[in-house]
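What you see below is based on every heavy atom in this structure, not just the backbone, and it leaves out hydrogens, waters and symmetry mates. Predicted model only: the values in this text are computed from it and were never measured.
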Amino acid sequence: LSLKFGDIGNLKGLVIRLLLTTSYYQLSVQNWFSLQRLQLLYNHSVQATFNATGIHAPASYSFHCEHVSSLHRYDALLVPSSADDLSHLWEVTFIDFQIQGFNIQGGHFAYARDCASFFSPAILMGLVMSLILLLVLAYALHMLIHLKSLDRHYECKASPAYFAQMKDNDMGDEKEPLRSSGSESYELRNQESGKIYI
């Protein structure tokens with residue numbers, strides 16, 4: 001696939017050539033096309049060649065990517081083929097790149113296979129945060145269930161009959177009249193060190 005731009009400034013007859021191949025893969029049971037190389041030609045000779053990596057799609061689909069570039073900040077899908085030619089002097093970037101080499105119908109692109117990964121850093125961070133929130137929710141539910149069982153445990157011990165019986169026994173143990181010649185006095189048996197006289 002050749003894109004001919006003609007004369008641009010000092011570049012005479014600028015052409016961008018995309019070399020596409022198609023192959024049959026048994027695992028997917030269909031043909032796939034891939035971009036093998038990108039060549040830059042001007043002055044009627046090849047000036048730079050880039051090997052393409054990761055640019056492929058089923059033959060009945062098109063391939064779409066936000067950036068196809070030789071720059072590392074755009075994941076460098078285009079790699080200079082060798083250090084001997086002039087490709088290291090060029091920086092090539094296609095923005096909103098879409099290509100389909102085969103099975104074109106009606107002059108329109110078919111459904112696009114996007115180059116965006118399913119596990120980008122943002123998606124991974126979202127999954128990790130969701131997992132942390134689920135763990136916190138599970139811990140909170142576990143604590144609520146545990147508190148509910150403690151309430152049932154204390155309901156048995158907090159019955160009025162239980163405390164009434166304890167109150168009667170304690171009242172007998174707490175106070176005992178002391179025989180004395182003058183006023184009445186009571187001694188608290190539960191406390192070893194203090195005596196109260198009334």
Got a second to check how far [X]'s [atom1] is from [Y]'s [atom2], nearest 0.5 Å?
{"X": "Ile16", "Y": "Phe94", "atom1": "CD1", "atom2": "CZ", "result": "4.5 Å"}
{"X": "Thr53", "Y": "Leu35", "atom1": "OG1", "atom2": "CG", "result": "9.5 Å"}
{"X": "Leu133", "Y": "Leu131", "atom1": "CG", "atom2": "CG", "result": "9.0 Å"}

Hydrophobic cluster identity match, [X] and [Y], side-chain contacts under 4.5 Å:
{"X": "Leu40", "Y": "Leu1", "answer": "yes"}
{"X": "Met143", "Y": "Ile132", "answer": "no"}
{"X": "Leu18", "Y": "Tyr61", "answer": "no"}
{"X": "Val79", "Y": "Leu19", "answer": "no"}
{"X": "Leu144", "Y": "Val136", "answer": "no"}

Does OH belonging to Tyr139 count more than 12 external heavy atoms closer than 6.0 Å?
->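 Atom OH in Tyr139 is not crowded, with 12 or fewer foreign heavy atoms closer than 6.0 Å.
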Using links of under 4.5 Å between side-chain heavy atoms of ILVMFWY residues, direct or through other members, which residues join Tyr74 in one cluster?
->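 Cluster partners of Tyr74: Leu71.
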Heavy-atom closest contact ([X] atom, [Y] atom, distance):
{"X": "Thr93", "Y": "His67", "result": "CG2-CD2, 4.4 Å"}
{"X": "Leu77", "Y": "Cys65", "result": "CD1-SG, 4.1 Å"}
{"X": "Glu66", "Y": "Cys115", "result": "N-SG, 4.3 Å"}
{"X": "Ala112", "Y": "Gln98", "result": "CB-NE2, 3.7 Å"}
{"X": "Ser70", "Y": "Ala76", "result": "O-CB, 4.1 Å"}
{"X": "Ala57", "Y": "Ser62", "result": "CB-O, 3.9 Å"}

Could you tell me if the side chain of [Y] sits less than 4.5 Å from the side chain of [X], heavy atoms only?
{"X": "Leu41", "Y": "Leu14", "answer": "no"}
{"X": "Leu20", "Y": "Ile99", "answer": "yes"}
{"X": "Tyr42", "Y": "Phe5", "answer": "no"}

Partner set under ring-ring contact (aromatic ring centres under 6.0 Å, His included) for His56, not counting sequence neighbours |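 Testing His56 for ring-ring contact (aromatic ring centres under 6.0 Å, His included), a comparison that skips the adjacent residues, returns Trp32.
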Can any side-chain N or O of Gln100 pair as donor or acceptor with the backbone N or O of Ala110 at less than 3.5 Å?
->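 Yes.
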